[in-house]
Each structure stands twice: as structure tokens, then as C-alpha cells.
Amino acid sequence: MGWARALLWAALCTCAASTEACKLGFYKSAPGDQLCTQCPAHSHSEVRAAQVCHCDASYYRAALDSPSASCTRPPSAPVSLVSGVNGTAVALEWSSPLDKGGRSDILYDVICRRCAWDVGQCEACGAAVRFIPQQMGLWQTSITVTNLLAHMNYTFWIEAISGVSDLSLEPRRSATVNITTNQAAPSQVMLIRQKSTGQNSVTLLWHEPDQPNGIILEYEVKYFEKNKEMQSYSTLKSKATSATVSGLKPSTCYLFQVRARTSAGCGRFSQILEVETETVRTLRYDTITIVWICLALITGLVILLLVLICRKRRCGYSKAFQESDEEKRHYENGQVMFPESKFYVDPHTYEDPCQAVHEFAREIEASRIKIEKVIGSGEFGEVCYGRLKLPSKREIPVAIKTLKAGYTEKQRRDFLSEASIMAQFDHPNVIRLEGVVTRSRLVMIVTEYMENGSLDSFLRKHDGQFTIIQLVAILRGIGSGMRYLADLGYVHRDLAARNILVNSNLVCKVSDFGLSRVLEDDPEAAYTTSGGKIPIRWTAPEAITFRKFSSASDVWSFGVVMWEVLAYGERPYWNMTNQDVINSVEEGYRLPAPMGCPGALHQLMLDCWQRDRNERPRFSQIVSILDKLIRSPENLKVTATIHRFTYPSRDRGFFSFTSCATVNDWLESIKMSRYQEHFALGGYFSLGMVMRMNAEDIQRLGISLVGHQQKILKNIQLMRAQLLHTGSLRMYV
Ligand code: ACK
């Protein structure tokens with residue numbers, strides 16, 4: 001039957017062709033009297049009497065398109081892709097492609113890649129990431145992506161696709177955006193279970209959240225009697241992943257939940273665990289057993305008293321630090337005990353400072369440390385990376401400061417005094433001492449390892465790559481560490497970005513507690529007329545002139561660290577001489593706001609640089625101001641204006657731009673020569689024109705990397721700032 005119909009169709013066709021054969025570029029899909037139709041757009045017929053028109057090169061018909069439909073091609077890339085990061089979520093929005101390829105069935109696929117800080121190491125974003133409403137086949141031009149990791153770089157590709165995308169061999173066209181997530185609270189504690197149950201207590205165990213997003217400061221256990229949450233619930237804090245909740249009623253059903261807390265806040269509570277305490281067992285003892293029990297109790301009590309008295313005598317002033325482990329254990333066991341206020345003990349107050357190191361710091365056997373590589377050099381010797389394995393603990397990465405061979409007794413003492421100081425501190429924003437090695441030929445100080453090294457070089461390496469909130473979070477961490485040190489009565493004297501270390505979670509920790517707070521090992525330290533060696537650019541005037549070091553002078557230095565952070569590791573006062581810095585500060589000049597620095601932050605810097613040290617904020621106030629700014633980021637939107645009066649009046653010591661006569665020279669000097677063409681195409685032919693550019697002008701150049709846009713803007717402002725006071729700006733504007 002089919003065969004017969006084909007024959008008939010061939011005959012009719014031949015007949016039609018003979019009378020009315022379609023010309024090239026025309027077709028007739030079925031035999032009959034109807035006229036030949038012109039081939040639809042982007043198609044052609046290659047033979048006379050064609051029944052279909054084939055698509056031109058790079059044009060296609062989707063399976064469901066009718067033969068009379070025009071041929072179409074895949075869409076161009078979506079345009080105007082914008083991103084908004086909120087903690088660990090990002091909202092992406094874009095506009096439809098300018099060339100839809102002749103189709104209306106445009107959908108979008110979102111591709112996500114996660115990149116580690118080390119450039120080039122990217123991987124798929126993983127199954128935990130959520131795409132709302134969905135990742136593939138989106139018809140709307142926006143998406144929200146949640147559950148990203150904190151402080152991580154992500155790249156998103158938005159691909160436009162249509163019914164013919166799969167027919168084309170060409171790569172899909174996409175728009176790309178790079179984002180960096182911010183700090184976030186830890187993820188939910190997932191697995192909580194009961195380890196043991198008594199009549200009045202329950203011991204719980206749980207796992208660290210999958211995404212701690214920082215250092216877990218503590219866990220909070222919330223518990224209440226079943227059906228009584230509304231009336232009351234109790235909480236208990238624990239530093240470990242276990243806790244014993246005591247004081248419970250026997251034979252009662254309790255509900256437990258756990259959440260983790262980091263400096264970014266609390267995570268979500270875990271699922272509820274229901275546990276019933278054991279029933280009361282009535283015990284019957286005869287008189288003799290009761291007498292024995294009483295005797296045992298009294299003996300125990302006497303021994304306990306003796307131990308306590310003995311400890312008190314032996315430990316003297318340092319008791320607070322000796323007992324810190326015990327306090328922690330109480331804490332870990334679920335009893336919330338607030339430590340009594342502590343004060344830092346200067347190892348110099350010990351007749352033998354070596355005794356101090358053993359009083360405070362743990363001695364580690366050299367065999368427990370594997371040194372793997374040298375990562376830098378300090379005043380006393382090399383700084384190495386290695387691994388430490390303590391008994392019944394997991395192996396951890398550590399930094400090891402070594403004392404070079406041939407040391408004198410004084411050098412050994414000075415070297416170890418840093419450990420005596422560090423050992424007294426226990427704060428998430430202060431570098432943690434693991435212990436010391438003093439009983440081997442090689443003397444070592446072992447501290448936690450900070451993957452990103454010192455803050456100044458870290459910022460220079462990631463110039464322009466952080467959001468203002470991330471920079472404020474960095475400052476908040478440093479401020480919090482300094483508040484802790486100031487509360488202990490410890491004055492740092494050398495607070496600077498080079499003495500802050502950064503770990504892989506971007507947590508910043510104050511470090512460098514050398515004994516010689518005369519700063520022998522700081523290359524920035526210079527001799528002053530008053531005798532000591534002082535890092536001039538970071539030090540308060542009263543400390544330079546009268547050696548009046550205090551927490552208030554540390555606050556001045558904190559202001560300079562704020563400036564370094566906002567200026568991505570720029571050298572404070574650029575290449576002015578130390579004497580020029582002293583004179584300018586004395587005359588009332590202060591560092592200007594770095595490019596893009598919010599006014600509120602520059603104001604805080606200026607407050608830290610109040611001449612009268614009593615007028616400067618305290619670290620506790622600084623932390624709460626930074627906290628408020630983090631909570632209300634809208635206050636960070638107003639960028640500080642560049643005030644002429646904040647610049648030193650003299651023209652010596654600033655970068656010279658005389659050699660950067662052209663835009664290309666300038667771009668080369670800031671390592672952005674790749675954008676020479678962008679500037680030329682944008683019509684920016686002179687430095688004068690460049691200096692008038694604002695953020696929008698730079699965006700219009702089509703530079704896709706936000707970090708590079710920021711770097712260019714920063715350098716334009718720097719150029720302006722440096723030329724403002726010389727008067728030479730008039731040449732350009
Ligand atoms: O900037 P960096 O890489 O960070 O180079 C210096 C170098 O040693 C000499 O001080 C690095 N460094 C010091 N302490 C640590 C630490 N705890 N973890 C990682 N790097 C460290 C510092």
C-alpha cells in the first residue's frame with residue numbers, strides 16, 4: 001500500500017514538475033495545484049521541484065518545527081549579568097540575548113564552578129549547592145544560588161539555549177560572573193545521638209557541621225522537657241562535640257537540639273533528639289555498707305582539699321593560666337563557668353625567664369614534629385611548615401619557628417619569651433601556641449599553621465578581590481583579638497598588617513609577640529631620638545616621642561592597619577621618609593581614605609588617630625562599631641570624599657608620575673597594560689582624561705573582571721590623591 005502511494009506521488013510530482021516545477025529557492029511540500037512557496041528565511045532549495053527547503057549553514061530546524069518554519073540558530077549570550085552576594089548566597093540576574101536566533105523558546109542553564117584561593121584550581125560546585133528555582137532549563141532571567149561555602153570564589157556561566165542549541169556544534173554562548181562569598185554562620189549540626197543516659201543526666205555526641213565556615217567557638221545544647229518548651233528551656237555550652245547535661249529528672253522525656261557558633265553567628269539547630277532518663281532504682285544498704293560509703297566520701301573530700309591547697313601554693317600569680325585547661329574541661333562537660341578575669345604576666349617578672357616558658361607552655365618532644373619545608377625567616381632563624389602528632393590527637397599542620405645554631409643564652413631567652421607570652425593567650429583571633437621544644441639541640445616554637453601567611457602580602461596578592469563586608473570582617477577579627485589582649489593588659493607595640501596572619505578561612509590572628517618589644521626583628525622599626533627602635537608609620541606620636549606605649553597607642557596602630565586593609569596592603573604614607581611622616585602627623589595631617597573606602601571606616605581611622613590618646617576609641621568600642629557596620633551594610637555604601645586637608649602639605653616622598661606621561665605607561669606601571677586597547681577604544685588618550693574617570697566610566701570600558709575594575713579605580717584615586725597636594729593636578733583637569 002505504502003509502495004503504491006509512493007509510486008503515485010512520484011508520478012504526480014513528475015507531472016507537476018513538468019507543468020509547474022518549483023524553481024530554486026522555492027518549494028512545494030505536497031503535490032497539487034497550489035503555487036510553489038518561497039523557501040522560509042535562512043533556508044534554500046538546492047534542486048528544482050524541491051519538496052523541502054534545507055537550512056543554510058549554521059541554521060537549524062528543531063524536531064518539532066514545521067518544514068514551512070524559518071530556520072533558526074542558537075541564541076547569543078545573555079547580557080547585563082549582575083550578581084548580588086549575601087553571605088553564602090548569590091542572586092544572579094541577566095537580560096535575554098540580543099540575538100535570539102529567530103526563536104522564542106529561549107531557556108537558560110546555569111553552570112557553577114568553585115575556585116580555591118590559589119588561582120586556577122576550580123572544581124564543580126558540588127551537590128550541596130541549591131539553585132532556586134532550578135539550575136537547568138530556566139525560563140526566567142534570574143536565579144538564587146544558596147548553600148555556597150563561605151569566603152570562596154565562584155564562577156557562574158549563564159548559557160542561553162533554544163530548541164536548536166543541541167543541533168549546533170558550536171559552543172554555547174554564555175555570560176560569566178565571578179563572585180566571592182562572605183562570612184556565614186556554620187551549617188546545621190546534622191548527627192546528634194545519645195552516648196549514655198542516667199537517672200539525672202544524658203551524655204550527647206554529635207559531629208561538627210559539614211560547613212563550619214570558620215572556627216567553631218562553641219556548641220549550644222538546647223534542652224527541655226517534652227511538651228514543655230513553651231514554659232522553659234535550658235541551654236548549655238560546650239567547646240567539644242559532646243556534652244553531659246545533668247540535673248535532669250528521672251523517668252522524664254527530654255528533647256535535645258545542638259547548634260554551632262562561630263564569630264559569624266549561630267548555625268541552625270539540629271533535628272530534635274528525644275531521650276528518656278532512667279527510672280529511680282531504690283537501693284537497700286545495711287548499716288555496715290553505709291558506714292563504709294561515708295568513710296570513703298570523707299577520705300575523698302580530704303584528698304581533694306589537700307590537692308587544691310597544694311596547687312594554690314605552687315602556682316601563685318600564674319594560677320589563672322595554669323588552670324585554664326581545667327576550666328575548659330568544666331565547660332566541655334556542660335557546666336557554664338565564666339573564667340575569672342585574667343592578666344597577662346610579663347615573663348620578665350620571672351627571675352629566670354626560662355622558668356616562665358615552662359610555667360605557661362607545653363614541652364613537645366622533637367620526635368613528634370615533622371618539618372616539611374621552610375616558609376620564611378624570622379629574626380632568630382627559619383620559619384618552617386610541618387606536622388605535629390601528639391599522643392591520642394590527630395596530626396595537625398603547624399608553623400615552626402626555629403632558633404638558629406650558635407645562639408647565645410640571651411638569644412635563647414629572648415626567643416622563648418615569645419612562647420611564654422603567646423601561651424597565655426586563648427582567643428580565636430590570636431595565634432595559638434601548640435608548644436615549645438627546648439630539650440633538643442634545635443629549639444623550636446610551634447604554633448598553629450596559617451595557610452595564607454601574613455595579611456599585608458595576602459592583601460597585595462588579592463588586590464581588589466574582596467567585598468567591603470569581607471574587609472570589615474577581617475578588621476573585626478583583628479579588633480576582637482586586640483580587645484582580648486588589651487583586656488589582659490597586654491600592649492602589643494607592633495600591630496601592623498605584616499604581624500597579622502590569615503588562615504584558609506580568612507580568619508585573621510594577631511601574632512608576633514617577641515619579647516624584645518623594642519622590635520629588633522621588625523624591618524620597619526627605626527631608631528628614634530629617644531633611643532628605642534620603633535615602626536614609625538604604625539606608631540602613635542606619644543609612643544614615638546615619649547615611649548608611652550599603651551592600649552591607646554595600639555589603637556592608633558589599629559587605625560593604620562585599617563588603612564592597610566582598605567588599601568589592599570599599600571604602604572602607609574607611601575614612600576615618604578620616616579621623618580616626613582613624623583612631621584606631617586605632628587602638623588595634623590592624616591592618611592586619606594583609600595579608594596572606595598566607606599566614610600564610616602575612614603572616620604573610625606581618624607578617631608584612632610586622635611592626637612589625645614584619651615580621645616581614641618577603645619578596642620571594645622571599635623569592635624562594636626565594626627559589628628554594627630556589618631549588621632547594617634547600608635552604612636558602608638557612602639564612600640569617603642577625599643579631603644585636601646588630610647594630605648601632608650609637602651610634596652616630598654610621594655610616587656612620581658613624571659615618568660608615566662601616557663595612559664599606556666601608567667597602565668603598565670599598575671600592571672594593567674592588557675587594557676591599553678580598552679582605554680584607547682574608550683577615547684581616553686591622556687592621563688588628564690583618565691583622572692576624571694569614575695566607576696561607571698571604567699565599567700563602560702568593558703573590563704569584565706570586577707577586581708581589575710576596582711584596581712584601576714583605586715590607582716586613579718591614588719594618582720589624584722598624590723597629585724592633589726602638589727598642585728600638578730591642575731595640569732590634567
Ligand atoms: O607572609 P608569610 O608567608 O607569613 O611569611 C612570613 C614568614 O613565616 C616569616 O615570618 C610566615 N609565618 C609565620 N608564622 C606563620 C604561621 N603560624 N603560619 C603560617 N605562616 C607563618 C609568615
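Nothing here was measured: the structure is a model prediction, and the numbers come from that model. Residue numbers start at 1 and run along the sequence shown. Each ligand, and each atom within it, is numbered from 1 in the order the structure gives.
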In this structure, atom 3 (O) of ligand 1 is nearest to the protein heavy atom Gly453 CA, 3.8 Å
Closest heavy-atom approach to atom 20 (N) of ligand 1 among Ile375, Ile400, Val374 is made by Ile375
Looking only at protein heavy atoms, what sits closest to atom 19 (C) of ligand 1 is Met450 O, 3.0 Å
the protein heavy atom lying closest to atom 6 (C) of ligand 1 turns out to be Ser454 OG, 4.5 Å
Looking only at protein heavy atoms, what sits closest to atom 8 (O) of ligand 1 is Val383 CG1, 3.6 Å
| Asp414 and Lys410 ion-paired at < 4.0 Å | yes
Residues 549-567, side-chain donor-acceptor partners within the protein, below 3.5 Å, at least two apart:
from   : atom 1 : to     : atom 2 : distance (Å)
Ser550 : OG     : Ala552 : N      : 3.2
Ser550 : OG     : Ser553 : N      : 3.2
Ser553 : OG     : Ser550 : N      : 2.8
Ser553 : OG     : Ser550 : O      : 2.7
Asp554 : OD1    : Arg493 : N      : 3.0
Asp554 : OD2    : His492 : N      : 2.7
Ser557 : OG     : Trp538 : O      : 2.7
Ser557 : OG     : Ser553 : O      : 3.2
Trp563 : NE1    : Pro592 : O      : 2.7
Glu564 : OE1    : Ala497 : N      : 2.9
Glu564 : OE1    : Trp538 : NE1    : 2.8

Heavy-atom proximity to atom 7 (C) of ligand 1 ranks first, among Gly378, Gly376, Cys384, for Gly376
ask   = Taking the inter-plane angle between the rings of Tyr385 and Tyr449 on a 0 to 90° scale, is it parallel (under 30°), tilted (30 to 60°) or perpendicular (over 60°)?
value = perpendicular
With a 6.0 Å cut-off (strictly less than), is the heavy-atom count around CZ of Arg387, excluding the residue itself, greater than 12?
yes
Atom 22 (C) of ligand 1 sits nearest the protein heavy atom Leu501 CD2, 4.2 Å
**Request:** Decide salt bridge (Lys or Arg N to Asp or Glu O under 4.0 Å) for Glu382 and Lys404; before the verdict, give the C-alpha distance in whole Å, the side-chain angles of both, and the deciding distance to 0.1 Å.
**Result:** CA-CA 7 Å; Glu382 282 167 337; Lys404 56 185 166 236; over 6 Å; no
| said: Just to check, does Ser457 reach to within less than 4.0 Å of ligand 1 when the distance is taken from its heavy atoms? | reply: yes
For Tyr219 and Ala260 the tightest heavy-atom approach is CE2-CB, 3.6 Å
On a heavy-atom basis, the closest approach of Met450 and Leu501 is CE-O, 3.3 Å
Note: ligand 1 atoms sitting under 4.0 Å from heavy atoms of Ala399 are 15 (C), 16 (C), 17 (N), 18 (N)
**Item:** Side-chain touch Glu359/Val345, heavy atoms, less than 4.5 angstrom
**Value:** no
Taking only non-hydrogen atoms of Thr447 and a 4.0 Å limit, the atoms of ligand 1 in range are 17 (N)
Original post:
For ligand 1, is there an atom lying under 4.0 Å from some heavy atom of Ser377?
Top reply: yes
Going by the 4.0 angstrom heavy-atom rule, the piece of Glu448 near ligand 1 is backbone
